[in-house]
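Below you'll find the structure, written out as structure tokens, and then a few comments.
In the text below, chain A, chain B and the rest are named by the order of the sequence lines, each starting its count at 1.
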There are 2 protein chains.
Amino acid sequence: MERSTRQRRAIREVFLEVGRPLSPQEVLELAKRKVPSLGLATVYRTLKGLVEEGFLTPVALPGEPPRYEPAGRAHHHHFLCRLCGRVYELLGCDLALTHLPPGFQAEGHEVTVFGRCPECA
Amino acid sequence: MERSTRQRRAIREVFLEVGRPLSPQEVLELAKRKVPSLGLATVYRTLKGLVEEGFLTPVALPGEPPRYEPAGRAHHHHFLCRLCGRVYELLGCDLALTHLPPGFQAEGHEVTVFGRCPECA
DNA sequence: GCCACGATGAAAACTTCTTCTCAACTTGCT
DNA sequence: AGCAAGTTGAGAAGAAGTTTTCATCGTGGC
């Protein structure tokens, strides 16, 4: 049976509180404030579980290790700060998929904007 | 001094011939047709050198190891085939960078379209 | 053609990220 | 409270990609 432990509650809460995609390391750092003994292995195990149960989805970014964000949100893209490495959600999508050469079938797309976040600007 | 060897010539030629971004593994396979003894270490060393001298640029894609393509091309984006894993260049860019929340400064962006390439469709 | 020195290839080592192992600890049912 | 079983944390191990090592080979200047 799946148990509700301090660790798992802390990790869930962190995602609801910060409102941006997090890497396993970031999850560890933020959730450690709630459960100081927390270990990285538990973070990975919990992230895996939360993805399977549909609470989180992985976010892949160019040249970056995966982040995770709450699942079920509307189509959107991401902003990666080049200085602090934090990722933010961008609402909306301005991409018009024209220009596809003949024979190519698009099934989806990813847009990543790079730059400086408000804290680093 | 930088020497012109069979291996380096072969790797350069491969990029000019295939016209799409290549991973180190793909470079190895394609250049081996010209120089069968070619080893992966040489591919990595040569790619590094070709990037430094400005002939190639790295291409980062979400959740994928880097590819390399000839440098100096106009702004463009990429198509990743989910079946064969090959990457293609897409000409043009339809992205309008509105919707940036206040305080965020954009410096660049990446667009990746996922789907099936003509050979896999 | 000779030869110094850069380049090569195979394997080992390294990095970074992720998963596994296992003894100790918690949770939740009774 | 007592206990069975799931969970945790630390470190070891694993996976994937890249770099280094080193003996040997090849290039290019003389």
Under a 4.0 Å heavy-atom cut-off, which of residues 26-42 of chain B touch DNA chain C? S37(B), L38(B), G39(B), A41(B), T42(B)
Starting at CZ of R6(B) and ending at P of dC25(D), how long is that distance when rounded to a whole Å? 13 Å
Protein-nucleotide distance (K48(A), atom NZ; dT8(D), atom P), rounded to Å: 14 Å
Starting at OH of Y44(B) and ending at P of dA16(D), how long is that distance when rounded to a whole Å? 13 Å
Residue-level proximity of residues 50-67 of chain A to DNA chain C when a heavy atom falls under 4.0 Å: P65(A), P66(A)
Once you round it to whole Å, what is the distance between C1' of dG17(D) and OH of Y68(B)? 10 Å
Between R82(A) and Q105(B), is a side chain to side chain contact (heavy atoms under 4.5 Å, CB included) present by the stated rule, with each step listed? CA-CA 11 Å; R82(A) 282 181 165 144; Q105(B) 298 179 2; over 6 Å; no
So for R45(A) and dG6(D), does any side-chain atom that can act as donor or acceptor lie under 3.5 Å from a complementary atom in the base? no
Hey, does the side-chain of R3(A) have a donor or acceptor N/O within less than 3.5 Å of a partner on the base of dG6(D)? yes
Do NZ/NE/NH1/NH2 and the carboxylate oxygens of E53(B) and R8(B) come within less than 4.0 Å? no
How long is the line joining CD of Q7(A) and C1' of dT27(C), in whole Å? 11 Å
Value in whole Å for how far the P atom of dA16(D) lies from CD of Q25(B): 12 Å
